[in-house]
Amino acid sequence: MSIRAVAPAAGGVLLSGVLLLSTAPSAQAAAKAAPLPVAHRGASAYAPENTLAAVDRAHELDIDWVENDVQRTKDGELVVIHDTTLDRTTDAEEVFPDRAPWNVGDFTLKEIGRLDAGSWFDKGFKGERVPTLEQYLNRLDDTGQNLLLELKSPELYPGVEAEILKELDEKGWLDRGHVRDKLILQSFDADAVKTVHLTEPTVKTGFLGNPKVDELADYAKFADQINPQYTAVTKEYVDAVHEHDGPHGRPLETFTWTVNDAKTARSMADAGVDGLISNKPDVVRDAVS
Ligand code: G3P
Ligand code: CA
């Protein structure tokens, strides 16, 4: 059965065929495309964050987009890990007891490669490693998933923006198909987002945070998305974001984080957000679809 609006009617929308839908606010919100679910650090409620296992878990759940966090090792390699220290999500304290505070940037890739990034989450994930960005991209190439890549604490890694873009280019992630709808680079650091935009203007970018409404026009010069924590989201704010066109001439989008329950997911959908970044992307997808 096709569902096609043919004319507005008092109290509802008359549809071709037999359906008559209410125009109550929730129904109007439903008319907008459901927000895109994004697996935060992979499907990180079910597998250790930012590991290949978390990518695979998202894939098993049919989640097309994963978010990750990229940093740089002492010897200049790009690795996927959230914290700027290794101790929470690996066994670095045990393996390197004399190396406190275990800064990511103080360890070589070979040293980080020795660490177990899975057992802290569940012993069933023992042996998971901190992936390099290259390994992470290879896995996404295998699964066909898309990437919301966060430049984590770029102020600690001068020049990391260009290095990330170089790696993406070498792996084929800056070709037309990828920049059109498979890749977004985001950061809490507005200067880093600007640098990405100026270095590779074709890439879609996001700013993590909630700038004041009267600052949005400035952000729209270099960011395609404004991505706030969900506690900062209101319908009015989302509407204000959508009023601006981003650097690629399309309305700014907003992906909000970290939404892990159905009720919050529905409330964010009603506010009009475009994406839901979630540790439980299946839960939020099912809540809004
Ligand atoms: O993608 C949004 C979210 O990742 C930002 O916060 O701390 O999880 O990197 P955080
Ligand atoms: Ca992140």
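No hydrogens, no waters, no symmetry mates; every other heavy atom, side chains included, goes into these values. We count ligands from 1, going down the list as the structure has it; atoms in each ligand are counted the same way.
Proximity of Val70 to Lys152: side-chain heavy atoms (C-beta onward) are nowhere separated by under 4.5 Å. For the pair Val80 and Asp69, the minimum side-chain heavy-atom distance is 4.5 Å or more. Ile184 is not listed as a side-chain neighbour of Leu147, based on a closest heavy-atom distance of 4.5 Å or more.
Each of His40, Arg41, Glu67, Asp69, His82, Glu150, Lys152, Gln186, Phe188, Leu208, Trp257, Ile277 has a non-hydrogen atom positioned under 4.0 Å from some atom of ligand 1.
Counting only residues at least two apart or on different chains, the side-chain hydrogen bond (donor to acceptor under 3.5 Å, both in side chains) pairs with a member in residues 90-99 are Arg99-Glu111.
A cation-pi contact, defined as under 6.0 Å to the ring centre and within 45° of the axis, links Lys194 to Phe222.
Panel detail: the Ca ion (ligand 2) has protein N, O or S atoms under 3.0 Å away, 3 in number.
Between the Thr51 side chain and the Pro48 main chain, a donor and an acceptor come within less than 3.5 Å of each other.
Between His248 and His197, the two ring planes are perpendicular [angle over 60°; tilted spans 30° to 60°].
Salt bridge absent: Arg250 and Asp245 never bring a charged side-chain N and a carboxylate O closer than 4.0 Å.
Every side chain to side chain contact (heavy atoms under 4.5 Å, CB included) that Asn146 has, sequence neighbours left out, goes to Asp64, Trp65, Lys182.
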